[in-house]
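So the structure is just underneath, and the comments pick up after that.
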Amino acid sequence: MFEKLKQLFTGVDEDSKDTTMSLELAAAALLIEVSKSDYQQDPAEIEKIRELLVRCFSVSLADIEDFMATASALNKDSTSLYPFTRYINDNCNNLEKYELIVALWEVAIEDGNIDKYEDHLIRKISDLIYLPHTEFIRAKLTTTEKAAAK
């Protein structure tokens, strides 16, 4: 009974603990969450997530499909952002957190506009990983300026 209560409060099922959390999985789950936050998971956003995982998080091209499936399942099974943001807080410095927020903005803007739900979620993630607000704004401006220059 206590194990079931523990699972309820942690949001983690004991049977699903075979996937060890890593920076790549935490980042992928957050990237996927941003892509779904506007209720329209655009294929361009999914492709952008794949590109970011290969470029920034050292996921190999050969493993990308399996990795995306694992990250999607982890995201779907999670009841909150806490496991992902906690891992990032425990294992990343401010520069790495800033780069993650930039990646989140890149996914949000990939479909041509930043929806208010995407903006809200990225702001929330930024707060949860204790990234200074000035860095949050700098990441947004950098990403939107780069997208406008395309």
Side-chain angles (χ1 to χ4, degrees), residues 9-13 16-150:
F9 288 115
T10 60
V12 177
D13 184 7
S16 68
K17 280 195 172 180
D18 57 345
T19 303
T20 305
M21 184 65 70
S22 66
L23 176 59
E24 293 81 8
L25 274 175
L30 293 173
L31 291 164
I32 290 168
E33 190 65 27
V34 167
S35 74
K36 296 184 326 184
S37 66
D38 63 355
Y39 303 104
Q40 298 176 13
Q41 197 171 29
D42 194 273
E45 292 175 334
I46 298 300
E47 193 54 41
K48 184 62 159 184
I49 293 170
R50 286 186 179 101
E51 174 196 325
L52 288 166
L53 291 172
V54 170
R55 183 179 47 141
C56 302
F57 297 101
S58 303
V59 177
S60 72
L61 277 172
D63 298 334
I64 193 69
E65 292 306 319
D66 290 337
F67 187 82
M68 285 289 291
T70 302
S72 293
L74 186 64
N75 176 275
K76 183 180 177 199
D77 292 340
S78 181
T79 57
S80 76
L81 300 172
Y82 179 76
F84 315 120
T85 58
R86 171 68 189 263
Y87 186 88
I88 290 165
N89 279 327
D90 290 346
N91 296 285
C92 296
N93 60 36
N94 271 0
L95 178 60
E96 293 165 328
K97 291 175 182 181
Y98 171 80
E99 291 171 351
L100 173 63
I101 296 299
V102 168
L104 295 173
W105 283 120
E106 287 183 29
V107 170
I109 203 165
E110 186 63 24
D111 62 358
N113 70 330
I114 298 174
D115 186 81
K116 64 182 178 183
Y117 298 114
E118 293 169 328
D119 187 284
H120 174 74
L121 180 61
I122 297 170
R123 183 179 305 268
K124 183 177 181 179
I125 292 168
S126 179
D127 288 342
L128 290 171
I129 62 174
Y130 307 115
L131 187 70
H133 187 69
T134 55
E135 295 298 296
F136 164 80
I137 295 297
R138 184 169 69 101
K140 182 177 183 178
L141 291 175
T142 300
T143 308
T144 54
E145 288 170 0
K146 198 176 354 175
K150 283 185 179 179

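This structure is a prediction, so every number in the text was calculated from the model and none was measured.
- Between Thr142 and Val102, every side-chain heavy-atom pair lies at or beyond the 4.5 Å cut-off.
- With respect to the salt-bridge test (charged N to carboxylate O, under 4.0 angstrom), the residues Glu45 and Lys48 do not qualify.
- Inter-residue side-chain proximity for Leu53 and Met68 is flagged as met; some heavy-atom pair is nearer than 4.5 Å.
- The backbone N or O of Asp66 sits less than 3.5 Å from a side-chain atom of Thr70, completing a donor-acceptor pair.
- Under the 4.5 Å side-chain criterion, counting only non-hydrogen atoms from C-beta, Met21 is in contact with Pro83.
- Relative ring orientation between Tyr39 and Tyr117 is described as perpendicular, the plane-to-plane angle rising above 60° on a 0-90° scale split at 30° and 60°.
- Pairing each heavy atom of Phe67 with each of Ala28, the nearest pair is CE2-CB, 3.7 Å.
- At distances below 3.5 Å, at least one donor-acceptor pair connects side-chain atoms of Thr144 with backbone N or O atoms of Leu141.
- Between Asp38 and Asp111 there is a side-chain heavy-atom pair separated by less than 4.5 Å.
- Atom CD1 of residue Ile88 and atom CG of residue Leu81 lie 9.5 Å apart, to the nearest 0.5 angstrom.
- Side-chain contact between Phe84 and Leu74 is present, with heavy atoms from C-beta onward closer than 4.5 Å.
- Ile129 places none of its side-chain heavy atoms less than 4.5 Å from the side chain of Cys92.
- In this structure, OG on Ser78 lies 8.0 Å from CD on Glu33, to the nearest 0.5 angstrom.
- Taking CD1 from Ile114 and NE2 from His120, the interatomic distance works out to 15.0 Å, rounded to the nearest 0.5 Å.
- Remark: side-chain polar atoms of Asp42 are not paired, donor with acceptor, to backbone N or O of Glu110 under 3.5 angstrom.
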ask   = Between Glu47 and Arg50, does a salt bridge (charged side-chain N to carboxylate O under 4.0 Å, His left out) hold up when you go through it step by step?
value = CA-CA 5 Å; Glu47 193 54 41; Arg50 286 186 179 101; 3.6 Å; yes
message = The test is side chain to side chain contact (heavy atoms under 4.5 Å, CB included); show your working for Leu121 and Leu104 and say whether it passes.
response = CA-CA 9 Å; Leu121 180 61; Leu104 295 173; over 6 Å; no
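- The two residues Ile32 and Ser72 come nearest to each other via the heavy atoms CD1-OG, 3.5 Å.
- Of all heavy-atom pairs between Ser35 and Ile46, the closest is OG-CD1, 4.1 Å.
- Nearest heavy atoms, Ser22 versus Tyr87: C-CE2, 3.4 Å.
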key: salt bridge (charged side-chain N to carboxylate O under 4.0 Å, His left out) evaluation trace for Arg55 with Glu106   = CA-CA 13 Å; Arg55 183 179 47 141; Glu106 287 183 29; 3.1 Å; yes
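- Shortest non-hydrogen contact noted between Asn94 and Pro132 is ND2-CD, 4.0 Å.
- Remark: Ile122 CD1 to Leu30 CG distance equals 10.5 Å, nearest 0.5 Å.
- Between Lys140 and Asp119 a salt bridge is recorded (basic side-chain N to carboxylate O distance below 4.0 Å).
- Of the listed residues (Ile125, Leu100, Ile101), just one forms a side chain to side chain contact (heavy atoms under 4.5 Å, CB included) with Leu131, and that residue is Ile101.
- In this structure, Arg138 and Tyr98 have side chains that are in contact, with non-hydrogen atoms separated by less than 4.5 Å.
- Of all heavy-atom pairs between Thr20 and Leu25, the closest is O-CD1, 3.4 Å.
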